[in-house]
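Before we start, here is the structure in question, set down as structure tokens.
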Amino acid sequence: MSRYCTLHLEGDALPFDLDRTLSCGQVFRWEKKGHWWCGVLGQKPVLIRQEGDLLHFSGAPEEDISRYFDLDLDLEEILAGFPDDPILLQAIDSAYGLRIVRQPAWECTASYIVATFANIPGIQTRLKLLCERFGERIGDGHTAFPSPEKLAASPLCDIRSCRVGYRDKYLCGTAAILSADHGWEERIAALPYRDARRELLRLPGVGKKVADCILLFAFHRFEAVPVDVWIDRIMRTHYLEEDTRYSYDRIADAARQIFGPNAGYAQEYLFAAREMIPDMRKK
DNA sequence: CATTGACCTGACTAC
DNA sequence: GTCAGCAGGTCAATT
């Protein structure tokens, strides 16, 4: 890759931190090789790296890069709109410039179905296997994310051979439903949050947490707050009263009440800083 | 807007 | 080097 374009980050595009954005665990298919991040945008291999307020990239037009990283979003305003509690402020400080990328809806859905009850390295392995086994070759050693049609038409044993375990039937089932439902993305996008989530919950392998991940990461519904074990722990120990029973929705609702309409972004910063946030329960 | 247990598999931690 | 316990939940059954 000798030819690349350069995008000067300014205005709403700042703050932006490419490393934090791609390594925080929201996406699983980007790989850093030397200074460059290698990944796939749409059906094309992309190389990208950041140098201060310069973004060097190749393989995709600038508007695709800008849209994927949501560089038109006024992130500064969102961060400034949060309450100034010490835990969140520390998280924002440590992950400053992290942006929620616009993941393709199907890739996001399939990825988080595969991601349930697993750790990040395992998720990456599984997705890599799935892409190599079922994805279209797009050159340069890269593969596109497998289409739902392809997965829906594949035997469960072939899918399971990608180490997805019992999730094989969820992946295949959801692939079958979505590949037969051409307007699903537009329909979800047009629905209010609650209705959109209820729709997604009909898909096999998609529970509240995965549905919220899809809504937050693919549809940019910033009121969606995925509550995983980390967020659960952080909310319970730092934002809620101890010794009380909290359901998923109570924790998510509390997050929306505390952090406001962009609570999903607060969630992402808290998640990114999860290792640094003390676990009060251990004392 | 509840609670509980089984569940594929791999990467990590502690022996 | 080996091994139990655990990991970014979901589903089905149960009260």
Side-chain angles (χ1 to χ4, degrees), chain A residues 20-30 91 95 98 100-101 103 107-130 132-133 155-175 177 192-195 197-218 223-237 240 243-257 263-277 279 281-282:
Chain A
R20 287 168 176 168
T21 295
L22 292 181
S23 61
C24 72
Q26 59 174 322
V27 284
F28 307 100
R29 287 236 295 148
W30 288 90
L98 162 61
I100 294 175
V101 306
Q103 285 190 53
E107 175 171 348
C108 184
T109 303
S111 295
Y112 280 92
I113 286 176
V114 159
T116 59
F117 200 34
N119 49 34
I120 292 178
I123 297 165
Q124 292 170 330
T125 301
R126 290 166 179 170
L127 290 174
K128 183 173 290 187
L129 286 170
L130 282 168
E132 286 169 359
R133 183 98 171 73
L156 284 184
C157 58
D158 286 357
I159 295 176
R160 182 170 283 220
S161 73
C162 297
R163 313 295 179 200
V164 298
Y166 58 84
R167 306 165 191 79
D168 56 354
K169 54 187 177 297
Y170 301 154
L171 247 191
C172 193
T174 290
I177 292 173
Y193 166 68
R194 278 288 170 187
D195 297 333
R197 195 177 79 163
R198 185 161 40 243
E199 279 285 300
L200 292 173
L201 285 173
R202 293 178 7 202
L203 301 170
V206 177
K208 291 175 180 175
K209 192 271 182 179
V210 172
D212 277 331
C213 284
I214 297 168
L215 289 170
L216 179 61
F217 297 135
E223 70 266 51
V225 181
V227 180
D228 58 29
V229 292
W230 292 93
I231 295 304
D232 182 272
R233 192 210 85 200
I234 293 168
M235 290 301 294
R236 282 176 197 275
T237 59
L240 299 169
D243 304 324
T244 308
R245 281 294 186 197
Y246 293 104
S247 65
Y248 182 101
D249 284 324
R250 283 193 63 176
I251 292 180
D253 285 342
R256 283 183 278 270
Q257 186 181 332
Y265 242 108
Q267 176 274 351
E268 199 53 18
Y269 272 81
L270 289 173
F271 181 80
R274 63 193 178 284
E275 309 279 5
M276 310 172 61
I277 299 175
D279 186 350
R281 295 175 308 182
K282 285 178 181 171

Margin query: Is it the case that the side chain of A:Gln103 and the backbone of A:Gln26 share a donor-acceptor pair, with hydrogens and angles ignored and the cut-off at 3.5 Å?
Written below: yes
Next item on the list: For DNA chain B, note the earliest and the latest nucleotide, 5' to 3', having some atom under 4.0 Å of a heavy atom belonging to chain A.
Entry: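 Footprint of chain A along DNA chain B, 5' to 3': B:dC1 to B:dA11.
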Checklist line | From NZ (A:Lys209) to CZ (A:Phe117), nearest 0.5 Å | finding: 13.0 Å
Notebook entry, point to check: Taking both distances under 3.5 Å as the test for a Watson-Crick or G-U pair, what stems of at least three pairs does DNA chain B have?
Noted result: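 Stem segments, range with range: B:2-7 with C:9-14.
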Next item on the list: Measure from the side-chain N and O atoms of A:Tyr248 to the backbone N and O of A:Val227, and report whether any donor-acceptor pair falls under 3.5 Å.
Entry: yes
What does the list of N/O pairs under 3.5 Å between the protein and nucleotides 8-10 of chain C look like, with a distance for each?
from: C:dG8; atom 1: OP2; to: A:Trp230; atom 2: NE1; distance (Å): 3.3
from: C:dG8; atom 1: O6; to: A:Gly25; atom 2: O; distance (Å): 2.3
from: C:dG8; atom 1: N1; to: A:Gly25; atom 2: O; distance (Å): 3.0
from: C:dG9; atom 1: OP1; to: A:Val229; atom 2: N; distance (Å): 3.4
from: C:dG9; atom 1: N2; to: A:Tyr166; atom 2: OH; distance (Å): 3.1
from: C:dT10; atom 1: OP1; to: A:Gly207; atom 2: N; distance (Å): 2.9
from: C:dT10; atom 1: OP1; to: A:Gly207; atom 2: O; distance (Å): 3.4
from: C:dT10; atom 1: OP1; to: A:Val210; atom 2: N; distance (Å): 2.9
from: C:dT10; atom 1: OP2; to: A:Lys209; atom 2: N; distance (Å): 3.4

Checklist line | Pairwise 5' ranking along DNA chain B for A:Asp253 and A:Val164, keeping only the more 5' one | finding: A:Asp253
Check: Can A:Arg197 and A:Asp249 be said to form a salt bridge (Lys or Arg N to Asp or Glu O under 4.0 Å), step by step?
Finding: CA-CA 12 Å; A:Arg197 195 177 79 163; A:Asp249 284 324; 2.9 Å; yes
Checklist line | Considering all heavy atoms, the nearest A:Ile277-A:Arg233 contact | finding: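 Of all heavy-atom pairs spanning A:Ile277 and A:Arg233, the closest is O-NH2, 2.7 Å.
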Item checked: Whole-Å P distance, B:dG10 and C:dC11 -> 22 Å
Notebook entry, point to check: With distance as the sole criterion, is a donor-acceptor pair present between the side chains of A:Thr125 and A:Arg163 under 3.5 Å?
Noted result: no
Checklist line | Rounded P spacing from C:dG8 to B:dA14 in Å | finding: 16 Å
Check: With the threshold set at 4.0 Å, does a side-chain nitrogen-carboxylate oxygen contact exist between A:Lys208 and A:Asp212?
Finding: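 The answer is no: the pair does not qualify as a salt bridge.
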Check: Run the salt bridge (Lys or Arg N to Asp or Glu O under 4.0 Å) check on A:Asp253 and A:Arg194 step by step: do they pass?
Finding: CA-CA 12 Å; A:Asp253 285 342; A:Arg194 278 288 170 187; 3.5 Å; yes
Check: What distance do A:Tyr166 atom OH and A:Thr116 atom OG1 have between them, rounded to the nearest 0.5 Å?
Finding: 4.5 Å
Item checked: A:Tyr265 OH to A:Ile100 CD1 distance, which is reported to the nearest 0.5 Å -> 4.5 Å
